[in-house]
2 protein chains.
Amino acid sequence: MTKPPQAGSEDAAAASLRSIPEASVARLAVYLRMLGELAEQGSETVSSDELAAATGVNPAKLRKDLSYIGSYGIRGVGYEIAALVRQLERTLGLDHLQAVALVGVGNLGHALAGYSGFGGRGFPVTALFDVDPDLVGIHINGIIVEHVRSIPEICAERGVTIGMIATPGPAAQGVCDLLVGSGVRCILNFAPVVLQVPPEVEVRKVDLAVELQILAFHVARKHLAGQDTATLDSRVNGHAANGSGGMLP
Amino acid sequence: MTKPPQAGSEDAAAASLRSIPEASVARLAVYLRMLGELAEQGSETVSSDELAAATGVNPAKLRKDLSYIGSYGIRGVGYEIAALVRQLERTLGLDHLQAVALVGVGNLGHALAGYSGFGGRGFPVTALFDVDPDLVGIHINGIIVEHVRSIPEICAERGVTIGMIATPGPAAQGVCDLLVGSGVRCILNFAPVVLQVPPEVEVRKVDLAVELQILAFHVARKHLAGQDTATLDSRVNGHAANGSGGMLP
DNA sequence: GCAACTTTGTGCGTGCCTTCACAAGCGACT
DNA sequence: AGTCGCTTGTGAAGGCACGCACAAAGTTGC
Ligand SMILES: NC(=O)c1ccc[n+]([C@@H]2O[C@H](COP(=O)([O-])OP(=O)(O)OC[C@H]3O[C@@H](n4cnc5c(N)ncnc54)[C@H](O)[C@@H]3O)[C@@H](O)[C@H]2O)c1
Ligand SMILES: NC(=O)c1ccc[n+]([C@@H]2O[C@H](COP(=O)([O-])OP(=O)(O)OC[C@H]3O[C@@H](n4cnc5c(N)ncnc54)[C@H](O)[C@@H]3O)[C@@H](O)[C@H]2O)c1
């Protein structure tokens with residue numbers, strides 16, 4: 001990768017988009033948020049070790065992640081926060097807003113619709129949908145809840161690129177089909193079902209019951225491991241949170 | 001792995017606990033839910049191909065996952081659903097209930113506290129906490145909201161094993177420390193911060209802004225790829241429960 | 001009882017992700 | 001100018017996960 005110091009940035013971003021590991025993309029988003037906080041606190045630069053410790057990641061992994069986006073740190077100093085933030089935002093597709101539609105304004109949907117953390121980070125919720133006649137017509141945070149049957153026109157009209165599904169499980173597939181039929185290519189699904197979609201559509205699932213079950217598994221594991229062998233091998237891969245490499249010899 | 005057909009199940013479960021890949025654990029939870037649905041529909045057995053199709057997983061991967069828990073399918077037939085469910089529940093630590101405490105009963109916390117999907121799957125929410133005087137004392141779904149300062153006694157009293165944090169970001173670390181100090185060893189965190197915990201504590205994070213940013217990345221990627229090369233390689237590996245891939249400590 | 005068919009369990013090659021370790025680059029200090 | 005200390009960027013190695021493909025094992029039909 002010999003590259004001239006001149007940040008031919010347009011080019012760099014384009015090239016990098018094709019090959020960033022999914023796992024790295026997830027971490028880049030975390031770095032970005034932490035960098036925002038650091039910037040607010042008045043920092044101008046940050047080293048990989050500091051940022052790694054703050055985000056609970058291995059410093060080498062962090063540097064490799066950043067190397068994917070073609071951003072240049074300054075050796076001996078660290079990364080210039082403002083520049084890095086700009087680079088990350090472009091790479092993650094945040095240089096223009098992504099309009100989000102939320103379908104299902106029940107318990108969870110209400111919380112999501114009222115959450116400011118989405119709009120604040122470049123994901124304005126611009127459309128709400130439900131089937132319940134008591135809900136259709138009310139407005140939350142200034143957005144009117146529309147009937148599900150209006151999904152195609154409204155999504156097209158408002159340029160929705162991301163759909164969030166917070167309906168009961170049995171309704172999720174139907175809603176998903178509607179969204180996909182309206183041109184939505186990215187879906188975040190909270191219903192505990194596996195959605196069937198054409199290959200060009202990206203689905204991510206947030207499944208809290210599964211999260212709890214993974215934790216429960218670790219409870220069971222700790223119980224048995226603790227009483228069975230003395231080898232308290234906490235070597236579960238994944239969460240190596242020991243940020244500060246305390247590698248005892 | 002020659003193993004006697006005698007299901008020395010206690011032993012099998014104990015052995016398997018130590019070595020199941022995290023990614024597989026996440027999928028096992030999904031299989032379990034789907035098996036529950038199949039059982040309700042009256043099925044008695046299911047083949048790996050059927051179950052794989054229903055959960056959106058490669059059949060070989062599914063069989064390998066199931067082989068970790070030492071459960072025996074019947075060649076030529078498939079898996080007996082009831083037995084498999086029992087085995088999965090034991091492996092995932094669901095043979096006895098896991099009491100859950102929820103801290104932060106705001107927008108999101110209300111939705112979580114009122115959600116029946118947790119208790120219904122072996123994770124009864126048995127304690128609610130907040131600092132807001134207007135919230136402390138009210139009851140949701142029959143559970144009274146207590147003040148955060150009561151966390152230690154109440155968690156001990158009710159045998160809480162899992163804590164969920166739905167407070168604003170700045171309060172999360174403090175709440176986390178309280179929970180850990182009360183003996184909670186597993187935490188599900190909804191606040192957009194990286195929690196610092198001792199190594200024996202397991203933290204999983206649900207970070208919706210990150211989920212959206214991953215989707216936004218794919219939007220950007222599709223845009224560029226679509227116009228640039230004709231190779232519409234939508235071969236992004238399985239979204240799978242964020243758990244495995246996302247692994248953010 | 002035997003053959004044909006079905007489905008499981010898994011050995012193995014492949015590719016991705018993580019981590020270590022170190023050279024190269026940059027600034028500061030003398 | 002030269003040297004020293006610090007930090008980045010990355011080559012290489014190891015480990016893990018995925019998925020193919022096939023043998024083993026069971027069932028069904030005759
Ligand atoms: N509440 C939680 O904390 C929580 C946690 C995890 C998962 N979930 C999942 O999120 C989903 C929603 O949960 P909830 O608690 O908000 O449920 P809810 O019943 O409170 O809300 C569901 C909403 O979806 C609407 N709806 C039903 N069918 C619809 C359709 N075909 N099209 C559009 N809208 C439709 C209903 O009118 C209702 O407003 C469920 O799948 C649930 O399993 C919820
Ligand atoms: N609402 C959402 O849809 C949503 C989505 C994603 C993430 N989140 C995250 O979840 C968290 C909660 O979100 P929310 O919308 O419910 O916020 P919220 O402000 O509505 O609720 C926060 C609650 O926490 C309580 N609280 C504050 N400090 C506390 C402390 N020290 N101990 C205990 N309780 C305390 C507050 O009294 C309040 O009831 C936030 O971190 C938010 O970023 C929320």
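These values consider heavy atoms only, across backbone and side chains, with no hydrogens, waters or symmetry-generated copies. Remember, predicted model here, so these are calculated numbers, not experimental data. Each chain gets a letter, A, B and so on, in the order its sequence line appears, and its residues count up from 1.
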Round to a whole Å and report the spacing from [atom1] of [X] to [atom2] of [N].
X	N	atom1	atom2	value
B:Asp49	D:dC20	CG	P	11 Å
B:Glu22	C:dT18	CD	P	13 Å
A:Leu66	C:dT18	CG	P	14 Å
B:Leu84	C:dT8	CG	C1'	13 Å
A:Leu62	D:dG9	CG	P	10 Å
B:Leu51	C:dT7	CG	C1'	14 Å
A:Tyr31	D:dT8	OH	P	13 Å
A:Arg27	C:dC16	CZ	C1'	12 Å

Among [options], find the nucleotide with the atom closest to the side chain of [X].
X	options	answer
B:Ser47	D:dG26, C:dT8, D:dG19	C:dT8
A:Arg63	D:dC18, C:dT19, C:dA21	C:dA21
B:Asn58	D:dG19, C:dC20, C:dG9	D:dG19

task = Determine, stepwise, if the pair B:Ile165 / B:Leu195 fulfils side-chain contact (heavy atoms from CB on, under 4.5 Å).
result = CA-CA 11 Å; B:Ile165 299 179; B:Leu195 296 176; 4.0 Å; yes
ask   = Stepwise, does the side-chain contact (heavy atoms from CB on, under 4.5 Å) test hold for A:Asn189 with A:Arg204?
value = CA-CA 6 Å; A:Asn189 177 33; A:Arg204 292 191 67 84; over 6 Å; no
message = What I want to check is whether an N or O donor and acceptor connect the side chain of B:Lys64 with the base of C:dG9 at under 3.5 Å.
response = no
key: Base C:dT8 paired with B:Arg75 side chain (donor-acceptor, <3.5 Å)   = yes
OP1 or OP2 of [N] under 4.0 Å from side-chain N/O of [X]:
X	N	value
B:Tyr68	D:dA17	no
B:Ser48	C:dT8	yes
B:Tyr72	C:dT7	no

key: Side-chain H-bond candidate by donor/acceptor type, B:His218 with A:Glu22, under 3.5 Å   = yes
task = Check the side chains of A:Glu80 and A:Thr45 for a donor-acceptor pair under 3.5 angstrom, ignoring hydrogens and angles.
result = no
query = On DNA chain C, nearest-nucleotide positions of A:Ser24 versus A:Ile74: which is more 5'?
reply = A:Ser24
note = Walking DNA chain C from its 5' end, the first of A:Asp65 and A:Val77 to be reached, judged by nearest nucleotide, is A:Asp65
request  = Verify the neighbour count for atom CD of A:Glu37: are there more than 12 heavy atoms of other residues, nucleotides or ligands below 6.0 Å?
outcome  = yes
